[in-house]
Trainee: 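Take this structure, written in structure tokens, and hold onto it; I'll ask about it next.
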Amino acid sequence: MRMRPTLSWIPSGDLPPGTTDLEPVAAALSAGGVLVLSGAGISTESGIPDYRGEGGSLSRHTPMTYQDFTATAQARRRYWARSHLGWRTFGRARPNAGHRAVAAFGRHGLLSGVITQNVDGLHQAVGSQGVVELHGSLERVVCLSCGDGTARRELARRLEEANPGFAPVVAAVNPDGDADLTDEQVGDFHVVPCTVCGGVLKPDVVFFGESVPASRVEHCRALVREATSLLVLGSSLTVMSGLRFVRQAAEAGKPVLIVNRDATRGDRHALARVALPLGAALTTVAGELGISLDEAAA
């Protein structure tokens with residue numbers, strides 16, 4: 001029997017309450033050696049919705065799973081039609097104050113690293129260095145048969161040629177770059193194969209129901225071991241891919257700080273959860289530390 005991946009989590013009543021006090025975050029950053037773990041919530045101010053926050057995409061949309069994607073050509077047609085349109089919208093997203101703050105903290109030597117659960121590339125777009133993309137990136141495409149990797153922009157060009165005039169109105173775009181389209185809008189969208197072996201192409205991202213590569217997990221665990229503290233930004237920590245690093249840090253006695261408006265699955269492991277909008281919160285912290293965000297965008 002095939003199991004569906006965990007997509008939601010219901011907070012229990014015994015979680016510690018959130019705070020609006022940013023002092024613990026500022027103190028951790030001032031001490032340096034902070035490892036950032038970011039989630040979809042850091043990109044909402046860039047126009048990319050998160051999964052589980054207020055108005056999150058899970059309220060209207062079930063993400064494609066790896067099992068569904070590999071099962072049928074029809075599922076892949078639906079995915080690529082929706083993702084092709086979503087890619088256009090993703091390409092217009094720009095880093096926000098939260099991304100600029102993380103880049104500025106890094107430039108000032110306050111961070112030991114950045115792990116992101118996002119696939120949008122916005123941390124790198126504003127200058128963050130050495131970002132570990134835990135769930136991969138929509139910028140790349142990989143063949144499931146021969147492993148050949150190509151740039152997403154090249155696939156976008158091929159899909160444009162194979163589907164001239166395909167431009168249905170998009171209702172919304174989700175954190176995985178998947179646009180909301182009806183089956184009627186998808187129609188007979190043409191999917192293109194790998195140019196090397198004719199195999200099935202998949203975005204180089206970790207789908208729900210798929211495992212993060214073991215080598216990437218171990219690299220992230222090493223970053224946690226080397227860090228002084230862990231700062232979680234905009235993640236509900238519902239899925240184990242991110243929660244395991246919070247648990248690892250807490251078990252090692254390293255302070256865990258979370259900035260997320262809603263309760264998270266990692267709250268009981270955290271020194272504090274700051275329940276404030278990310279952009280404003282990190283801008284305030286940067287100001288307290290005498291750091292300008294403008295330099296990060298230079």
Side-chain angles (χ1 to χ4, degrees), residues 25-46 48 90-140 142 149 151-153 175 177 203-206 212-213 215-235 241-242 245-246 248-249 254-259 278-279 281-298:
V25 177
L29 285 164
S30 181
V34 176
L35 176 62
V36 166
L37 171 62
S38 71
I42 199 170
S43 293
T44 56
E45 293 173 37
S46 295
I48 300 174
F90 249 53
R92 293 192 292 269
R94 294 295 177 265
N96 61 56
H99 300 108
R100 293 196 298 274
V102 171
F105 297 150
R107 289 171 189 264
H108 281 259
L110 306 182
L111 305 182
S112 64
V114 178
I115 301 170
T116 186
Q117 295 174 287
N118 300 338
V119 297
D120 53 36
L122 293 179
H123 279 299
Q124 297 92 318
V126 77
S128 286
Q129 300 295 312
V131 178
V132 179
E133 296 173 311
L134 187 63
H135 295 155
S137 173
L138 284 175
E139 293 279 350
R140 303 182 298 271
V142 65
R152 179 63 179 268
R153 62 180 177 274
D204 193 13
V205 300
V206 177
V212 178
S215 60
R216 195 178 303 163
V217 172
E218 181 49 41
H219 177 43
C220 292
R221 287 196 180 281
L223 290 176
V224 175
R225 288 193 293 270
E226 296 164 3
T228 301
S229 59
L230 179 65
L231 176 60
V232 180
L233 302 176
S235 176
S241 64
F245 304 126
V246 169
Q248 177 188 350
K254 300 174 187 286
V256 175
L257 295 154
I258 300 173
V259 183
L278 259 172
L282 295 184
T283 299
T284 298
V285 170
E288 292 178 358
L289 298 177
I291 295 174
S292 170
L293 301 195
D294 293 336
E295 66 184 61

Trainee: Does K254 come within less than 4.0 Å of E226, counting only side-chain N to carboxylate O?
Mentor: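 No, this pair does not count.
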
Trainee: Mind checking whether L233 and L282 have side chains closer than 4.5 Å, heavy atoms only?
Mentor: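 Sidechains of L282 and L233: in contact.
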
Trainee: Take atom CZ of R221 as the centre, draw a 6.0 Å sphere, and report whether it contains more than 12 heavy atoms from other residues, nucleotides or ligands.
Mentor: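 Enclosed: over 12 neighbouring heavy atoms sit under 6.0 Å from CZ of R221.
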
Trainee: Taking it one step at a time, do N118 and S38 satisfy side-chain contact (heavy atoms from CB on, under 4.5 Å)?
Mentor: CA-CA 7 Å; N118 300 338; S38 71; 4.3 Å; yes

Trainee: Can you spot which of R152, H135, R140 makes a side-chain hydrogen bond (donor to acceptor under 3.5 Å, both in side chains) with D204?
Mentor: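 The residue from R152, H135, R140 that satisfies side-chain hydrogen bond (donor to acceptor under 3.5 Å, both in side chains) with D204 turns out to be R140.
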
Trainee: Quick one: does L289's side chain get under 4.5 Å of S30's, heavy atoms only?
Mentor: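 L289 vs S30: side chains touch.
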
Trainee: Identify the two heavy atoms, one from P95 and one from L122, that lie closest to each other, and give their separation to 0.1 Å.
Mentor: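 Reported closest heavy-atom pair: CG-O, 3.7 Å.
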
Trainee: Heavy atoms, side chains only, cut-off 4.5 Å: are I291 and L110 in contact?
Mentor: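 Result yes, sub-4.5 Å side-chain heavy-atom pair found.
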
Trainee: With heavy-atom distances below 4.5 Å as the criterion, would you say the side chains of H123 and I42 are in contact?
Mentor: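 When only atoms from C-beta onward are counted, I42 and H123 do touch, with a gap below 4.5 Å.
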
Trainee: If you look at every heavy atom in Q117 and S241, which pair is closest and at what distance?
Mentor: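 Smallest interatomic distance, heavy atoms only, reads NE2-OG, 3.8 Å.
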
Trainee: Compare every heavy atom of V285 with every heavy atom of A26, then report the nearest pair and how far apart it is.
Mentor: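 In terms of heavy atoms, the two residues are closest at CA-CG1, 4.0 Å.
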
Trainee: With a 4.5 Å limit on heavy-atom distance, are the side chains of L231 and F105 in contact?
Mentor: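 Sidechains of F105 and L231: no contact.
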
Trainee: Can you see which heavy atom on G127 is nearest to which on R107, and at what distance?
Mentor: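 The answer is CA-NH2, 3.9 Å.
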
Trainee: Give me the atom names and distance for the closest heavy-atom approach of G279 to E45.
Mentor: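 Shortest heavy-atom separation between G279 and E45 comes out as N-OE2, 3.0 Å.
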
Trainee: Just so I know, are the side chains of S235 and L37 near enough to count as touching, which here means a heavy-atom distance under 4.5 Å?
Mentor: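 Answer no - side chains too far apart.
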
Trainee: So, taking the atom named CD in E288 and the one named OG1 in T283, what distance separates them when rounded to the nearest 0.5 Å?
Mentor: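 Spacing of CD (E288) from OG1 (T283) equals 11.5 Å.
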
Trainee: Can you find a heavy atom in the side chain of L111 that is under 4.5 Å from one in the side chain of V102?
Mentor: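 They are in side-chain contact.
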
Trainee: Work out which heavy atom in C220 is nearest to a heavy atom in L134; give both atom names and the distance.
Mentor: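 Of all heavy-atom pairs spanning C220 and L134, the closest is SG-CD1, 3.9 Å.
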
Trainee: Can you tell me how far the CD1 atom of I115 sits from the CG atom of L230, to the nearest 0.5 Å?
Mentor: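 Answer rounded to 0.5 Å: 7.5 Å.
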
Trainee: Would you say that E139 contacts Q124 through its side chain, given a criterion of any heavy-atom pair below 4.5 Å between the two side chains?
Mentor: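 The answer is no, as the side chains (C-beta and beyond) never meet within the 4.5 Å cut-off.
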
